[in-house]
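What follows is one structure encoded as C-alpha coordinates, with my remarks underneath.
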Amino acid sequence: MSFTQTFLRVRVDVFAPPPEQLVPVVHQGVVAPEVLRVYLRQGTSGVDLTTVTGAYLSVQLPDLTVQNWPLALIDATTRELLAYHSFVTSDTLQLGTYTCFVLADLSGGGSVRGDTQQFRVVSPYTP
Amino acid sequence: MSDDVRRQYVSVRRTDLIQGPRGITGLQGVKGDRGPSSAWQTVDDHDLTSVPDYDFVVDADTISDQDVPFFAINVGALGTAGFHDGLVVTPFSDSDYLPYVDGYPFTFVGVGARFWELYPDFRLDMPVRVWMRSASFQPLGGDDGYALLIFDAEAARGDVNVSYLSVLYGAQVLVNPDPTLGAVVAAGGHGTGYAVTRAAPGDVLVLELPNGVIGGTATLYGGTFDVDWPDETDLIPLGTFTISNFTSSSSSKSWAFGLVAGHRDGGGGGGPQP
(Lines give C-alpha, C1' and ligand atoms only; values in the text may rest on other atoms or scores of the structure.)
Protein backbone atom coordinates (compact mmCIF):
# COMPACT_ATOMS: atom_id res chain seq x y z
CA MET A 1 0.00 0.00 0.00
CA SER A 2 1.33 3.39 -0.95
CA PHE A 3 0.98 6.80 0.57
CA THR A 4 -1.43 9.04 -1.35
CA GLN A 5 -1.93 12.76 -1.06
CA THR A 6 -4.89 14.65 -2.51
CA PHE A 7 -4.76 18.32 -3.46
CA LEU A 8 -8.10 20.09 -3.59
CA ARG A 9 -7.48 23.59 -4.85
CA VAL A 10 -4.72 25.88 -6.00
CA ARG A 11 -4.55 29.62 -6.52
CA VAL A 12 -1.90 31.88 -7.98
CA ASP A 13 -1.54 35.59 -7.27
CA VAL A 14 0.91 37.99 -8.86
CA PHE A 15 1.72 41.47 -7.64
CA ALA A 16 1.70 43.54 -10.76
CA PRO A 17 0.75 46.95 -12.02
CA PRO A 18 -2.87 46.90 -13.01
CA PRO A 19 -3.49 47.47 -16.68
CA GLU A 20 -3.72 51.11 -17.63
CA GLN A 21 -7.17 52.47 -17.22
CA LEU A 22 -8.06 53.35 -20.76
CA VAL A 23 -11.16 55.33 -21.43
CA PRO A 24 -12.14 54.53 -24.97
CA VAL A 25 -13.03 57.46 -27.15
CA VAL A 26 -15.80 57.36 -29.70
CA HIS A 27 -16.37 60.09 -32.27
CA GLN A 28 -19.85 61.51 -32.45
CA GLY A 29 -21.96 60.15 -35.27
CA VAL A 30 -20.09 56.94 -35.95
CA VAL A 31 -22.20 54.16 -37.37
CA ALA A 32 -21.61 50.57 -38.41
CA PRO A 33 -19.26 49.14 -39.47
CA GLU A 34 -17.83 50.96 -36.45
CA VAL A 35 -18.39 48.77 -33.41
CA LEU A 36 -17.79 48.81 -29.72
CA ARG A 37 -15.99 45.65 -28.76
CA VAL A 38 -16.71 44.17 -25.38
CA TYR A 39 -14.62 41.61 -23.57
CA LEU A 40 -15.87 39.71 -20.59
CA ARG A 41 -13.55 37.72 -18.42
CA GLN A 42 -14.58 35.13 -15.91
CA GLY A 43 -14.15 36.22 -12.34
CA THR A 44 -13.61 33.86 -9.46
CA SER A 45 -17.16 32.53 -9.51
CA GLY A 46 -16.45 29.97 -12.18
CA VAL A 47 -19.33 31.04 -14.39
CA ASP A 48 -18.93 29.24 -17.70
CA LEU A 49 -19.12 31.99 -20.32
CA THR A 50 -20.03 29.50 -23.05
CA THR A 51 -23.43 29.34 -21.37
CA VAL A 52 -24.19 32.97 -22.22
CA THR A 53 -27.17 32.99 -24.54
CA GLY A 54 -27.55 36.71 -25.04
CA ALA A 55 -26.24 39.99 -23.77
CA TYR A 56 -26.77 43.69 -23.97
CA LEU A 57 -25.04 46.82 -22.83
CA SER A 58 -26.88 48.98 -20.36
CA VAL A 59 -25.68 52.51 -21.13
CA GLN A 60 -26.22 55.67 -19.15
CA LEU A 61 -25.85 58.67 -21.44
CA PRO A 62 -24.43 62.04 -20.41
CA ASP A 63 -27.93 63.36 -19.75
CA LEU A 64 -28.41 60.39 -17.36
CA THR A 65 -30.98 58.66 -19.53
CA VAL A 66 -30.44 54.92 -19.94
CA GLN A 67 -30.48 52.88 -23.13
CA ASN A 68 -29.98 49.19 -23.80
CA TRP A 69 -27.67 48.51 -26.70
CA PRO A 70 -27.77 45.01 -28.24
CA LEU A 71 -24.61 42.96 -28.30
CA ALA A 72 -23.69 40.38 -30.89
CA LEU A 73 -21.83 37.43 -29.42
CA ILE A 74 -18.71 36.61 -31.38
CA ASP A 75 -16.71 34.02 -29.56
CA ALA A 76 -16.76 32.43 -26.16
CA THR A 77 -14.59 30.14 -24.15
CA THR A 78 -15.21 29.03 -20.63
CA ARG A 79 -13.29 32.02 -19.37
CA GLU A 80 -13.70 34.72 -22.01
CA LEU A 81 -16.46 36.14 -24.11
CA LEU A 82 -16.14 38.56 -27.00
CA ALA A 83 -19.11 40.58 -28.21
CA TYR A 84 -19.72 43.80 -30.05
CA HIS A 85 -22.29 46.52 -30.54
CA SER A 86 -22.76 48.00 -33.99
CA PHE A 87 -23.24 51.75 -33.70
CA VAL A 88 -26.37 53.39 -35.03
CA THR A 89 -26.78 57.12 -35.50
CA SER A 90 -28.82 57.66 -32.37
CA ASP A 91 -26.20 56.11 -30.13
CA THR A 92 -23.76 58.99 -29.99
CA LEU A 93 -25.79 62.15 -30.37
CA GLN A 94 -24.62 63.44 -27.02
CA LEU A 95 -21.08 64.51 -26.24
CA GLY A 96 -19.60 63.46 -22.92
CA THR A 97 -19.07 60.43 -20.76
CA TYR A 98 -21.11 57.29 -21.21
CA THR A 99 -21.23 54.77 -18.36
CA CYS A 100 -22.15 51.18 -19.06
CA PHE A 101 -22.08 47.57 -18.02
CA VAL A 102 -22.88 44.27 -19.66
CA LEU A 103 -25.81 42.11 -18.65
CA ALA A 104 -25.57 38.56 -19.92
CA ASP A 105 -28.23 35.88 -19.75
CA LEU A 106 -27.19 32.32 -18.91
CA SER A 107 -28.65 29.18 -20.43
CA GLY A 108 -29.28 27.74 -17.01
CA GLY A 109 -31.28 30.77 -15.98
CA GLY A 110 -30.36 34.01 -14.35
CA SER A 111 -27.89 36.57 -15.51
CA VAL A 112 -24.58 38.07 -14.60
CA ARG A 113 -23.21 41.54 -15.10
CA GLY A 114 -19.80 42.87 -15.89
CA ASP A 115 -17.88 45.69 -14.34
CA THR A 116 -19.02 49.23 -14.84
CA GLN A 117 -16.96 50.99 -17.47
CA GLN A 118 -16.94 54.31 -19.25
CA PHE A 119 -16.20 55.70 -22.66
CA ARG A 120 -16.34 59.23 -24.02
CA VAL A 121 -18.02 60.58 -27.08
CA VAL A 122 -16.12 63.50 -28.54
CA SER A 123 -16.50 65.82 -31.48
CA PRO A 124 -15.62 64.33 -34.84
CA TYR A 125 -12.90 66.97 -35.04
CA THR A 126 -11.27 66.00 -31.76
CA PRO A 127 -7.98 64.27 -32.60
CA MET B 1 -29.35 38.88 -9.46
CA SER B 2 -27.79 38.94 -6.07
CA ASP B 3 -24.97 41.17 -4.97
CA ASP B 4 -22.99 38.03 -4.36
CA VAL B 5 -23.12 37.02 -7.98
CA ARG B 6 -22.20 40.50 -9.06
CA ARG B 7 -19.21 40.64 -6.76
CA GLN B 8 -17.92 37.27 -7.83
CA TYR B 9 -18.20 38.18 -11.43
CA VAL B 10 -15.86 41.13 -11.30
CA SER B 11 -13.21 40.39 -13.84
CA VAL B 12 -9.62 40.03 -12.87
CA ARG B 13 -8.50 42.46 -15.50
CA ARG B 14 -11.04 45.17 -15.29
CA THR B 15 -9.85 47.33 -18.11
CA ASP B 16 -10.17 44.47 -20.52
CA LEU B 17 -13.89 44.45 -20.08
CA ILE B 18 -14.45 47.03 -22.74
CA GLN B 19 -12.16 48.28 -25.41
CA GLY B 20 -12.69 51.07 -27.80
CA PRO B 21 -14.08 50.66 -31.25
CA ARG B 22 -11.73 49.33 -33.86
CA GLY B 23 -12.55 50.31 -37.34
CA ILE B 24 -11.22 52.12 -40.29
CA THR B 25 -10.52 55.24 -38.30
CA GLY B 26 -8.19 53.43 -35.96
CA LEU B 27 -9.49 55.11 -32.85
CA GLN B 28 -7.16 55.26 -29.92
CA GLY B 29 -8.09 55.33 -26.29
CA VAL B 30 -6.81 58.05 -24.03
CA LYS B 31 -5.42 57.58 -20.58
CA GLY B 32 -7.74 58.17 -17.72
CA ASP B 33 -7.14 58.24 -14.02
CA ARG B 34 -4.80 55.58 -12.79
CA GLY B 35 -5.64 53.27 -10.00
CA PRO B 36 -3.11 51.99 -7.49
CA SER B 37 0.36 51.51 -8.94
CA SER B 38 0.42 47.80 -8.07
CA ALA B 39 -1.82 45.26 -6.49
CA TRP B 40 -2.15 41.54 -5.92
CA GLN B 41 -4.11 40.00 -8.72
CA THR B 42 -5.50 36.48 -8.62
CA VAL B 43 -4.69 35.05 -12.03
CA ASP B 44 -6.05 31.57 -11.39
CA ASP B 45 -8.16 30.00 -8.68
CA HIS B 46 -8.60 26.37 -9.58
CA ASP B 47 -10.98 23.95 -7.94
CA LEU B 48 -9.11 20.72 -8.60
CA THR B 49 -12.11 18.62 -7.59
CA SER B 50 -13.96 19.87 -10.66
CA VAL B 51 -11.33 18.78 -13.16
CA PRO B 52 -12.63 15.85 -15.24
CA ASP B 53 -11.16 12.49 -14.33
CA TYR B 54 -7.80 11.99 -15.94
CA ASP B 55 -4.73 9.90 -15.23
CA PHE B 56 -1.34 11.14 -16.34
CA VAL B 57 0.51 8.42 -18.17
CA VAL B 58 4.07 9.60 -18.52
CA ASP B 59 6.31 12.38 -17.35
CA ALA B 60 5.43 15.73 -18.93
CA ASP B 61 2.03 14.46 -19.99
CA THR B 62 -0.37 17.41 -20.08
CA ILE B 63 -4.06 18.14 -19.66
CA SER B 64 -5.69 21.52 -20.03
CA ASP B 65 -8.56 22.50 -17.79
CA GLN B 66 -10.19 25.93 -18.04
CA ASP B 67 -7.31 27.00 -20.26
CA VAL B 68 -4.70 26.02 -17.65
CA PRO B 69 -2.23 23.41 -18.92
CA PHE B 70 -1.19 21.08 -16.11
CA PHE B 71 1.85 18.90 -16.72
CA ALA B 72 2.92 15.73 -15.01
CA ILE B 73 6.06 15.62 -12.90
CA ASN B 74 7.86 12.29 -12.77
CA VAL B 75 4.75 10.25 -13.35
CA GLY B 76 5.64 6.73 -14.38
CA ALA B 77 8.63 5.22 -12.72
CA LEU B 78 8.39 7.30 -9.58
CA GLY B 79 4.68 7.44 -8.95
CA THR B 80 1.20 8.18 -10.27
CA ALA B 81 -0.87 11.34 -10.49
CA GLY B 82 -4.34 12.05 -11.77
CA PHE B 83 -7.52 14.01 -11.25
CA HIS B 84 -10.22 12.12 -9.40
CA ASP B 85 -12.26 14.48 -7.26
CA GLY B 86 -9.03 16.36 -6.68
CA LEU B 87 -5.45 15.89 -7.71
CA VAL B 88 -4.39 12.51 -6.35
CA VAL B 89 -0.65 11.85 -6.14
CA THR B 90 0.87 8.54 -5.13
CA PRO B 91 4.66 8.59 -4.86
CA PHE B 92 6.53 5.31 -5.01
CA SER B 93 9.20 4.32 -2.58
CA ASP B 94 12.09 6.07 -4.27
CA SER B 95 10.39 9.39 -4.93
CA ASP B 96 12.66 11.43 -2.73
CA TYR B 97 12.16 15.06 -1.76
CA LEU B 98 14.18 16.54 -4.56
CA PRO B 99 13.30 19.34 -6.97
CA TYR B 100 15.65 20.53 -9.68
CA VAL B 101 18.68 22.12 -8.20
CA ASP B 102 22.38 21.85 -8.74
CA GLY B 103 22.61 18.39 -10.13
CA TYR B 104 20.31 16.64 -7.73
CA PRO B 105 17.88 14.29 -9.42
CA PHE B 106 14.36 15.62 -9.48
CA THR B 107 12.36 12.90 -7.82
CA PHE B 108 9.20 14.53 -6.54
CA VAL B 109 5.98 13.28 -8.12
CA GLY B 110 2.97 15.42 -8.95
CA VAL B 111 1.62 18.08 -11.25
CA GLY B 112 2.71 21.58 -12.18
CA ALA B 113 1.65 24.59 -14.24
CA ARG B 114 3.75 27.40 -15.65
CA PHE B 115 3.10 30.90 -14.40
CA TRP B 116 3.26 32.57 -17.81
CA GLU B 117 0.46 30.37 -19.05
CA LEU B 118 -1.68 31.78 -16.27
CA TYR B 119 -0.38 35.33 -16.63
CA PRO B 120 1.35 36.07 -19.95
CA ASP B 121 3.19 39.09 -18.54
CA PHE B 122 4.81 37.07 -15.78
CA ARG B 123 8.35 38.25 -15.02
CA LEU B 124 11.03 36.80 -12.82
CA ASP B 125 11.10 39.88 -10.60
CA MET B 126 7.32 39.89 -10.16
CA PRO B 127 6.13 39.01 -6.65
CA VAL B 128 4.14 35.83 -6.78
CA ARG B 129 2.40 33.58 -4.30
CA VAL B 130 0.79 30.19 -4.61
CA TRP B 131 -2.02 28.96 -2.40
CA MET B 132 -2.56 25.24 -1.97
CA ARG B 133 -5.41 23.45 -0.25
CA SER B 134 -4.87 19.79 0.46
CA ALA B 135 -6.93 16.99 1.89
CA SER B 136 -5.93 15.63 5.27
CA PHE B 137 -2.36 14.41 5.50
CA GLN B 138 -2.30 10.69 6.29
CA PRO B 139 1.22 9.39 5.95
CA LEU B 140 1.68 5.64 6.10
CA GLY B 141 5.16 6.09 7.43
CA GLY B 142 7.48 8.70 8.77
CA ASP B 143 9.02 9.31 5.40
CA ASP B 144 5.88 10.31 3.55
CA GLY B 145 5.25 13.94 2.77
CA TYR B 146 3.98 16.46 0.27
CA ALA B 147 5.14 19.82 -0.88
CA LEU B 148 4.34 23.08 -2.56
CA LEU B 149 7.10 23.91 -4.97
CA ILE B 150 8.08 26.85 -7.16
CA PHE B 151 10.69 25.71 -9.62
CA ASP B 152 12.24 25.94 -13.06
CA ALA B 153 10.35 23.35 -15.08
CA GLU B 154 12.72 23.45 -18.05
CA ALA B 155 16.06 23.38 -16.38
CA ALA B 156 18.41 20.59 -17.15
CA ARG B 157 20.11 19.45 -14.04
CA GLY B 158 22.68 21.95 -12.95
CA ASP B 159 21.22 24.81 -14.93
CA VAL B 160 19.45 26.27 -11.99
CA ASN B 161 20.65 26.62 -8.47
CA VAL B 162 17.47 27.21 -6.63
CA SER B 163 13.91 26.08 -6.23
CA TYR B 164 11.52 27.21 -3.58
CA LEU B 165 10.14 24.43 -1.52
CA SER B 166 8.01 23.77 1.48
CA VAL B 167 7.44 20.26 2.67
CA LEU B 168 4.82 19.07 5.04
CA TYR B 169 6.43 16.10 6.63
CA GLY B 170 5.42 14.35 9.77
CA ALA B 171 4.93 16.92 12.45
CA GLN B 172 7.07 19.54 10.83
CA VAL B 173 6.95 22.00 8.05
CA LEU B 174 10.31 22.09 6.38
CA VAL B 175 11.44 25.25 4.73
CA ASN B 176 14.24 24.68 2.27
CA PRO B 177 15.95 21.77 3.95
CA ASP B 178 19.68 21.49 3.79
CA PRO B 179 21.08 20.54 0.37
CA THR B 180 23.16 17.73 1.72
CA LEU B 181 19.93 16.00 2.57
CA GLY B 182 18.54 16.55 -0.82
CA ALA B 183 16.48 19.60 -1.14
CA VAL B 184 16.89 23.10 -2.13
CA VAL B 185 19.27 25.92 -1.83
CA ALA B 186 21.69 28.07 -3.63
CA ALA B 187 24.93 26.81 -5.07
CA GLY B 188 27.80 26.72 -2.67
CA GLY B 189 25.59 26.23 0.29
CA HIS B 190 24.50 29.83 0.56
CA GLY B 191 21.01 28.86 1.41
CA THR B 192 19.88 27.86 4.79
CA GLY B 193 17.09 25.54 5.60
CA TYR B 194 15.30 24.75 8.75
CA ALA B 195 12.27 23.07 10.11
CA VAL B 196 9.54 24.56 12.15
CA THR B 197 7.16 22.70 14.34
CA ARG B 198 3.89 22.58 12.56
CA ALA B 199 1.71 24.91 14.54
CA ALA B 200 -1.62 23.66 13.27
CA PRO B 201 -1.21 25.21 9.85
CA GLY B 202 -4.53 23.79 8.75
CA ASP B 203 -5.14 22.60 5.24
CA VAL B 204 -3.77 25.62 3.39
CA LEU B 205 -0.18 26.45 2.63
CA VAL B 206 0.83 29.69 0.92
CA LEU B 207 4.32 30.07 -0.52
CA GLU B 208 5.09 33.69 -1.30
CA LEU B 209 8.09 35.13 -3.11
CA PRO B 210 7.81 38.82 -2.20
CA ASN B 211 10.65 39.81 -4.51
CA GLY B 212 9.86 37.43 -7.32
CA VAL B 213 11.63 34.29 -8.40
CA ILE B 214 15.02 36.00 -8.67
CA GLY B 215 14.59 37.75 -5.35
CA GLY B 216 15.80 34.77 -3.38
CA THR B 217 13.38 35.25 -0.52
CA ALA B 218 10.37 33.15 0.33
CA THR B 219 7.84 33.07 3.11
CA LEU B 220 5.59 30.18 3.95
CA TYR B 221 2.20 30.70 5.55
CA GLY B 222 -0.39 28.30 6.88
CA GLY B 223 -4.12 28.71 7.19
CA THR B 224 -7.47 27.01 7.16
CA PHE B 225 -9.93 26.81 4.32
CA ASP B 226 -13.47 27.61 5.40
CA VAL B 227 -15.85 27.90 2.46
CA ASP B 228 -13.19 30.04 0.81
CA TRP B 229 -9.50 30.76 1.14
CA PRO B 230 -8.48 32.25 4.48
CA ASP B 231 -8.19 35.98 4.64
CA GLU B 232 -4.63 37.22 4.37
CA THR B 233 -4.87 38.62 7.86
CA ASP B 234 -5.55 35.14 9.21
CA LEU B 235 -2.51 33.46 7.68
CA ILE B 236 0.12 32.20 10.08
CA PRO B 237 3.75 32.74 9.05
CA LEU B 238 5.54 29.42 9.33
CA GLY B 239 8.95 30.44 8.15
CA THR B 240 11.02 32.65 5.91
CA PHE B 241 14.18 31.83 4.07
CA THR B 242 16.66 33.70 1.94
CA ILE B 243 19.03 32.60 -0.75
CA SER B 244 21.97 34.82 -1.46
CA ASN B 245 22.47 34.20 -5.13
CA PHE B 246 20.54 32.99 -8.10
CA THR B 247 21.60 31.46 -11.39
CA SER B 248 19.49 30.06 -14.17
CA SER B 249 19.70 29.65 -17.90
CA SER B 250 15.94 29.76 -18.32
CA SER B 251 13.49 32.55 -18.94
CA SER B 252 10.41 33.53 -17.02
CA LYS B 253 8.41 31.13 -19.18
CA SER B 254 10.09 28.18 -17.51
CA TRP B 255 9.02 28.80 -13.96
CA ALA B 256 6.12 26.91 -12.53
CA PHE B 257 4.46 25.82 -9.36
CA GLY B 258 4.24 22.18 -8.41
CA LEU B 259 1.91 20.22 -6.19
CA VAL B 260 4.00 17.20 -5.36
CA ALA B 261 4.50 14.35 -2.93
CA GLY B 262 7.42 12.18 -2.03
CA HIS B 263 8.68 9.29 -0.01
CA ARG B 264 12.22 8.73 1.10
CA ASP B 265 13.42 5.21 1.51
CA GLY B 266 15.48 4.13 4.42
CA GLY B 267 13.72 5.50 7.46
CA GLY B 268 15.86 5.84 10.51
CA GLY B 269 16.24 9.54 10.17
CA GLY B 270 16.43 9.34 6.43
CA GLY B 271 13.59 11.76 5.92
CA PRO B 272 14.14 15.28 4.73
CA GLN B 273 15.42 16.57 7.98
CA PRO B 274 17.37 19.79 7.83
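Every chain is numbered from 1, with letters handed out A, B, ... down the list of sequences. What you are looking at is a predicted structure, and each value in this text was computed from that prediction instead of being measured. As a basis for the values below, the full set of heavy atoms in this structure was taken, side chains included, without hydrogen atoms, waters or symmetry mates.
Per-residue heavy-atom pair counts under 4.5 Å with chain A were compared for B:V128, B:V89, B:V130, and the maximum is reached by B:V89. Taking chain A as the reference chain and counting heavy-atom pairs below 4.5 Å, the highest number among B:F83, B:F122, B:W229 is found for B:W229.
Between B:W40 and A:F15, the two ring planes are perpendicular [angle over 60°; tilted spans 30° to 60°].
B:H46 contributes no side-chain N or O that, together with a main-chain N or O of A:R9, makes up a donor-acceptor pair within less than 3.5 Å. Without hydrogens or angle criteria, B:E208 side chain to B:W131 main chain gives no donor-acceptor distance under 3.5 Å. At least one donor-acceptor pair closer than 3.5 Å links the side chain of B:Q41 to the backbone N or O of A:A16.
Proximity to chain A is absent for every atom of B:S50, based on heavy atoms less than 4.5 angstrom apart. Interface residue B:F225: only side-chain heavy atoms are found under 4.5 Å from chain A. Within the 4.5 angstrom heavy-atom criterion, only side-chain atoms of B:D228, from C-beta onward, approach chain A.
Inspection of the A:Q118 and A:T99 side chains reveals an N or O donor paired with an N or O acceptor under 3.5 Å.
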